[in-house]
Amino acid sequence: MTDHDESRTATYDVHATEEKWQQVWEKLDPFRADDHSPREKFYALTMFPYPSGDLHMGHAEVTALHDVIARYKRLQGYEVLNPIGWDSFGLPAENAAIRNDEHPATFTYANIETQAESFKRYGVSFDWSRRLHTSDPEYYRWTQWLFLKFRERGLAYRKNSPVNWCPNDQTVLANEQVVDGMCERCGAEVTKRELTQWYFKITDYAQELLDDLDVLAPTWPDRVVTAQRNWIGRSEGAYVDFTLHLADGTDRDLTVYTTRPDTLYGATFMVIAADAALAAEVVSPEQREAYEAYLAATRKASDIDRLSTERPKTGVDLGITATNPVNGERVPVWAADYVLADYGTGAIMAVPAHDQRDLDFARAFGLPVRRVVDTGEDNPEETGIATTGDGVYVNSSSGDFSLDGLSDKATGIHRIVERLEAEGHGKGAVNYRLRDWLLSRQRYWGCPIPIVHCERCGEVPVPEDQLPVELPELRGADLKPKGVSPLAAATEWVNVECPQCGGPAQRDSDTMDTFVDSSWYFLRYCSPADETQAFDSDLVNAWMPCDIYVGGVEHAVLHLLYARFFTKVLADMGLVDFREPFAAQLNQGTVINEGAKMSKSKGNGVNLGEQLSDFGVDAVRLTLVFAGPPEDDIDWADMSPAGSLRFLQRGWRLSGDVTSEPGVDPATGDVALRKVTHKTVHDAAQLVESHRFNVMVARTMELVNATRKAIDSGCGPDDPAVREAVETVAILLSLVAPYTAEEMWERLGHQPTVALAGWPQVDEALLVEDSVTAVVQVQGKLRARLEVSPGISEADLEAAALADEAVQRALKGKQVRKVIVRAPKLVNVVAG
RNA sequence: GCCGGGUUGGUGGAACGGUAGACACUGCGGCCUCAAAAGCCGUUGCUCGCAAGAGCGUGUGGGUUCGACUCCCACACCCGGCACCA
């Protein structure tokens, strides 16, 4: 074998290389962010993991993508903050502790260590000095402090209300954690319970949370913006006051919310939510028995039944009437479960002609249907299909007021609201689907709520200097869910003196939703060791908002909405000077296998550790980044980590072929290869900025191929352009394959680390092509290609095109009518 | 039903309104080898053709344009969000 042959088949030992560089990085500590650096700051945040076990393919993907951005920005000269921590409170640890008769911390911190080691092996450019865990008292002390601050502002309050209850996890859930009537975490069917619980008043911020989505829309994924808009669910309409006439002869107001006040003349009955307190208060004595039977039946029905849209309408006549404020008409009042107690006012005016639900109800109970908007469609009373579009108003007048003849919905709404407001019978209004955030949980492994309940003083906040309220030591069977928090049974912990009066009192025994912990961790990263405050406002304002937040789309409405809410509250408190925490966002897709989500039951799981052992870290990372657009799902069965490793070895091999010395002036090198190199660097920057990492990798592959050709059959290995090209490959590869890149960089005679080598300078002069391929079309069809100078004139290009043999052939017998020339790229000849 | 996003070779995917299929994977042929593996080189959208070449081709149907994967309209299907929210 000749030396040359050897260089074409040589490979490096993947695992030895990994171990070697891990030690070097440990020593050099090149990714520590300097708060006081004069460089421009860049905050690259990735959603911190929950320590459920070792890292899996999902972690590998999000981290690989995230690290491309962090490493790119560092090369570009930014001071990059790329922190890591763990969202370490939560149910899985608690359930494991019950199973294994141990403390949740055992499971939690063991897994954190495992994951931390795996991240280090994975070569992620994290700043390990800022590591945090939300279950550390040093952290949750400040979660408690924030809770108290929110409470001082009236943004954390307690109320009694029917809440979502997971019978399996034995805890309440926020609306956001109930998916299709099931517990988001365990899949059990969620039931309702009447409980007194803590809430964050996120609804105070509904409008701002909605409005600022417009600001985020250009840099946030569409699906996240859409999901949040839908979740907030703003609707515009009006409150309208009807008068109820009770059986005992008294009257009272009944206010309803409607988005179609313009159809007020079509209201033929009213419906009150069966489970609203009002319904029980106003029902007539004759109908009370029937109502109570109906209510009992309603309560028994689960959310699953309720959610079914196919279900026929049910209800009961309350035996009373109400007066329509615009025409004095008396209509019957019913109770039904299709009206929700906690939206609007819990009561509606039913306009069966123009609302499908009301029409279904009217038909089920023989109630009248009156059309007040003629849309040209058939009468809803006959078809059973409500008409909801624009049309001409009819039967809509009383006294000196009339909508009749009008054909514009917006004007109709405006006119009737004006009228209602003038007469004091209603007003324009906005409603949101968003509800307050229920934050209490009846579980142990979470942040204790720093409140003491005193018989005399009521709710008393734990004084700040007594924070944190630490969790008592409970383990194993003590943690078994029993419907109230396990903390309630820890009598020594629960029973305390009231901080205010010194009398006997009890700690609040619930813990906080873990989404509270994760609503501010990105702030803590800016000053993670600060023992005097939750975060240093100056440092937070210097680093934030996060320039990029990479993570899973499953948090589109949960974590991302809560974190936005927290940030707005903190801005109102004057603690931060921005109102949105994440300037831009990237949601990675899911790694699946053989067309399906990986799962134990399907047996299609792909083990990350095995992939890393078989192909090496770099090949796995490269495969994930090269697979396609970052937000697309990746089917691992379609991928070729072996192919990725092959490419990396090919790239590495180049570094052994370079024979010129480090520091040689590339200006004297082969111009053709230099052009490829500089164009690649130029394009790669734009591709990374626009998150087209897969294309960036493809371009790097092209550069490798071009360099290989130059070495073997072009300018040869000692040409300075070859060194320039290979050094460029090493730097570009460092975004995705840090081990291979370091190895190349060292073989090229440079000191570590390539991560700080800087982004290559682009020579603009080398971006100019000296010949371009001009395309000649006849009738829009490609007929010829011409190599021409980039500066060719339109006339010259046209002449050359028409002179071409293939073009003449295609034109045969036809007359040239028109020639479009776009020098130097294209000519289109139109004939006929 | 309402709101977003999508549909390109055998596969993953590229393509400022201007060469469709870059870059890979797979397949096929070859080199190396006693042989195999690995590696390397060539080839690979479909149809016809020995070839030169020709025709077809980006979910469907229209439109705008000299020219459309790209823009506009309608439709089908897939994915995500919301949904008895008045």
Side-chain angles (χ1 to χ4, degrees), chain A residues 1 5 8-11 180 221-235 237 256-260 263 271 273 306-311 313 336-340 342-351 354-358 360-361 388 431-435 553-554 556-557 587 589 622-623 626-629 631-644 646-647 649-650 653 692 694-702 704-705 708 712 773-785 806 809-810 817-822 825-831:
Chain A
M1 244 190 207
D5 285 341
R8 302 189 71 172
T9 55
T11 56
D180 295 332
D222 289 331
R223 51 182 166 171
V224 174
V225 172
T226 305
Q228 293 214 359
R229 281 206 184 106
N230 288 338
W231 189 259
I232 295 167
R234 179 190 156 105
S235 87
V256 300
Y257 175 72
T258 177
T259 55
R260 291 295 303 273
T263 61
V271 185
R306 243 191 111 125
L307 284 168
S308 166
T309 43
E310 301 294 297
R311 204 165 62 108
K313 291 281 179 290
D337 65 359
Y338 84 91
V339 174
L340 306 175
D342 62 349
Y343 182 79
T345 62
I348 62 156
M349 64 176 205
V351 184
H354 307 300
D355 182 284
Q356 191 60 46
R357 297 154 300 186
D358 295 345
D360 293 343
F361 192 84
T388 55
N431 251 287
Y432 302 91
R433 212 193 65 94
L434 182 71
R435 308 294 147 86
V553 74
E554 66 273 18
V557 284
N587 294 135
L622 179 74
T623 302
F626 182 55
E631 40 300 89
D632 286 8
D633 286 351
I634 297 173
D635 191 334
W636 195 251
D638 294 332
M639 296 299 123
S640 174
S644 297
R646 220 154 39 224
F647 162 70
Q649 297 282 15
R650 266 202 314 273
R653 225 168 275 139
R692 280 138 73 210
N694 58 323
V695 185
M696 183 273 292
V697 170
R699 301 299 308 279
T700 307
M701 289 172 167
E702 288 182 70
V704 167
N705 294 342
R708 180 83 264 159
D712 292 348
T773 307
V775 174
V776 186
Q777 300 174 336
V778 177
Q779 318 283 60
K781 279 188 182 177
L782 175 70
R783 293 299 169 182
R785 289 162 223 260
R809 204 175 335 124
R817 265 208 321 221
K818 192 170 168 187
V819 182
I820 287 97
V821 184
R822 292 283 175 276
K825 296 288 284 181
L826 179 127
V827 178
N828 189 12
V829 183
V830 185

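Across the protein-nucleic acid pair, A/Y257 atom OH and B/C84 atom P stand 16 Å apart, rounded to whole Å. If you measure from atom CZ of A/R229 to atom P of B/C3, you get 13 Å, rounded to the nearest angstrom. Going from atom CG of A/D342 over to atom C1' of B/C84 covers 13 Å, rounded to whole Å. A/R708 has its CZ atom 8 Å from the P atom of B/C41, to the nearest Å. Atom-to-atom, NZ of A/K781 to C1' of B/G57 comes out at 11 Å; the value is rounded to the nearest Å. In this structure, CG of A/D633 is placed 12 Å from P of B/G12, rounded to the nearest angstrom. Rounded to a whole Å, the CD atom of A/Q649 is 14 Å from the P atom of B/A38. Distance A/I232 CD1 to B/G4 C1': 15 Å, rounded to the nearest Å.
Going from atom CD of A/Q356 over to atom CG of A/D360 covers 4.5 Å, rounded to the nearest 0.5 Å. Distance check: A/T345 OG1 to A/L340 CG gives 11.5 Å after rounding to the nearest 0.5 Å. Taking CZ of A/R650 as the reference point, atom CE of A/M701 lies at 7.5 Å (rounded to 0.5 Å).
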Contact list (N/O, under 3.5 angstrom) for nucleotides 48-50 of chain B vs protein:
none

Check nucleotides 23-26 of chain B for protein N or O atoms closer than 3.5 Å to its own N or O atoms and list the pairs.
unit_1: B/A24; atom_1: OP1; unit_2: A/N705; atom_2: ND2; d: 2.6
unit_1: B/C25; atom_1: OP1; unit_2: A/R646; atom_2: NH2; d: 3.0

Close N or O pairs between protein and nucleotides 61-66 of chain B (under 3.5 Å):
unit_1: B/C66; atom_1: O2'; unit_2: A/N828; atom_2: ND2; d: 3.3
unit_1: B/C66; atom_1: O2; unit_2: A/N828; atom_2: ND2; d: 2.7

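Between A/A831 and A/Q779, the shortest heavy-atom distance links the atoms N-OE1, 2.9 Å. Between A/A336 and A/V271 the shortest heavy-atom distance is CB-CG1, 3.6 Å. Of all non-hydrogen atoms in A/I348 and A/V256, the two that sit nearest each other are C-CG1, 3.5 Å. Considering all non-hydrogen atoms of both residues, A/I634 and A/M639 come closest at CG2-CG, 3.8 Å. Scanning both residues, A/T623 and A/S644, for their nearest heavy atoms gives OG1-OG, 2.7 Å.
Side-chain N/O atoms of A/D358 and A/Y338 include a donor and acceptor closer than 3.5 Å. Using modelled atom types, one finds a donor on one side chain and an acceptor on the other under 3.5 Å when comparing A/S235 with A/Y257.
If you check every strand for non-hydrogen atoms under 4.0 Å, A/P221 touches nothing. Residue A/N694 is classed as a sugar-phosphate contact, given heavy-atom separations below 4.0 Å to backbone atoms only. Among the protein residues, A/R817 comes within range of no part of the nucleic acid, since none of its heavy atoms lies under 4.0 Å from any strand.
Only the P atoms considered, B/G17 is 37 Å distant from B/C40, to the nearest whole Å. Using atom P as the reference point in both B/U47 and B/G57, the two lie 15 Å apart (nearest Å). Between B/A22 and B/C34, the two C1' atoms lie 41 Å apart (nearest whole Å). Taking the P atom of each, B/G80 and B/C71 are spaced 24 Å apart, rounded to whole Å. To the nearest whole angstrom, the two P atoms, one in B/C25 and one in B/A36, are 22 Å apart. B/G45 and B/C23 have their P atoms separated by 12 Å, with the value rounded to a whole Å. B/G55 sits 11 Å from B/G49 when the C1' atoms are compared, rounded to a whole Å. Taking atom C1' on both nucleotides, B/U8 is separated from B/G1 by 31 Å, rounded to a whole Å.
By the salt bridge (Lys or Arg N to Asp or Glu O under 4.0 Å) test, A/R692 is found to be paired with no residue, residues two or more places apart in sequence or in another chain being considered.
Contact of the A/V224 side chain with the A/V553 side chain is registered, since non-hydrogen atoms from C-beta on lie closer than 4.5 Å. Side-chain contact between A/N587 and A/R223: present, with at least one pair of heavy atoms (C-beta onward) separated by less than 4.5 Å. The side-chain heavy atoms of A/T263 and A/M349, taken from C-beta on, include a pair separated by under 4.5 Å. Inter-residue side-chain proximity for A/R783 and A/V776 is flagged as unmet; no heavy-atom pair is nearer than 4.5 Å.
Of the listed nucleotides (B/A86, B/A14, B/A54), B/A86 has the atom at the smallest distance from the side chain of A/V339.
Glycosidic conformation of B/G53 is anti; the angle lies outside 90° of 0.
With A/N828 contributing its side chain and A/G780 its backbone, the two residues share a donor-acceptor pair below 3.5 Å. The backbone N or O of A/R433 sits less than 3.5 Å from a side-chain atom of A/R435, completing a donor-acceptor pair. The main-chain N or O of A/T388 is found under 3.5 Å from a side-chain atom of A/R260 such that the two form a donor-acceptor pair. Side chain of A/Q228 to backbone of A/A556: a donor-acceptor contact under 3.5 angstrom is found.
At B/G39, none of the side-chain N or O atoms of A/R653 fall inside 4.0 Å of OP1 or OP2 (strictly under the cut-off). Distances shown here put a side-chain N or O of A/S235 below 4.0 Å from the OP1 or OP2 atom of B/A86. A/Y338 has no side-chain polar atom (N or O) that falls below the 4.0 Å cut-off from OP1 or OP2 of B/A86.
Where A/D222 and A/I348 each meet RNA chain B at their nearest nucleotide, the meeting point lying more 5' is that of A/D222. Each of A/L782 and A/R692 lies near RNA chain B, and the nucleotide nearest A/R692 is the one positioned closer to the 5' end.
Stem regions annotated for RNA chain B: B:1-7 with B:76-82, B:10-12 with B:23-25, B:27-31 with B:39-43, B:45-48 with B:53-56, B:59-63 with B:71-75, counting only runs of 3 or more consecutive pairs of Watson-Crick or G-U type with both contacts under 3.5 Å.
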Reading 5' to 3' through nucleotides 77-82 of chain B, protein heavy-atom contacts under 4.0 Å coded B for base, S for sugar-phosphate only, - for none: ---BBS

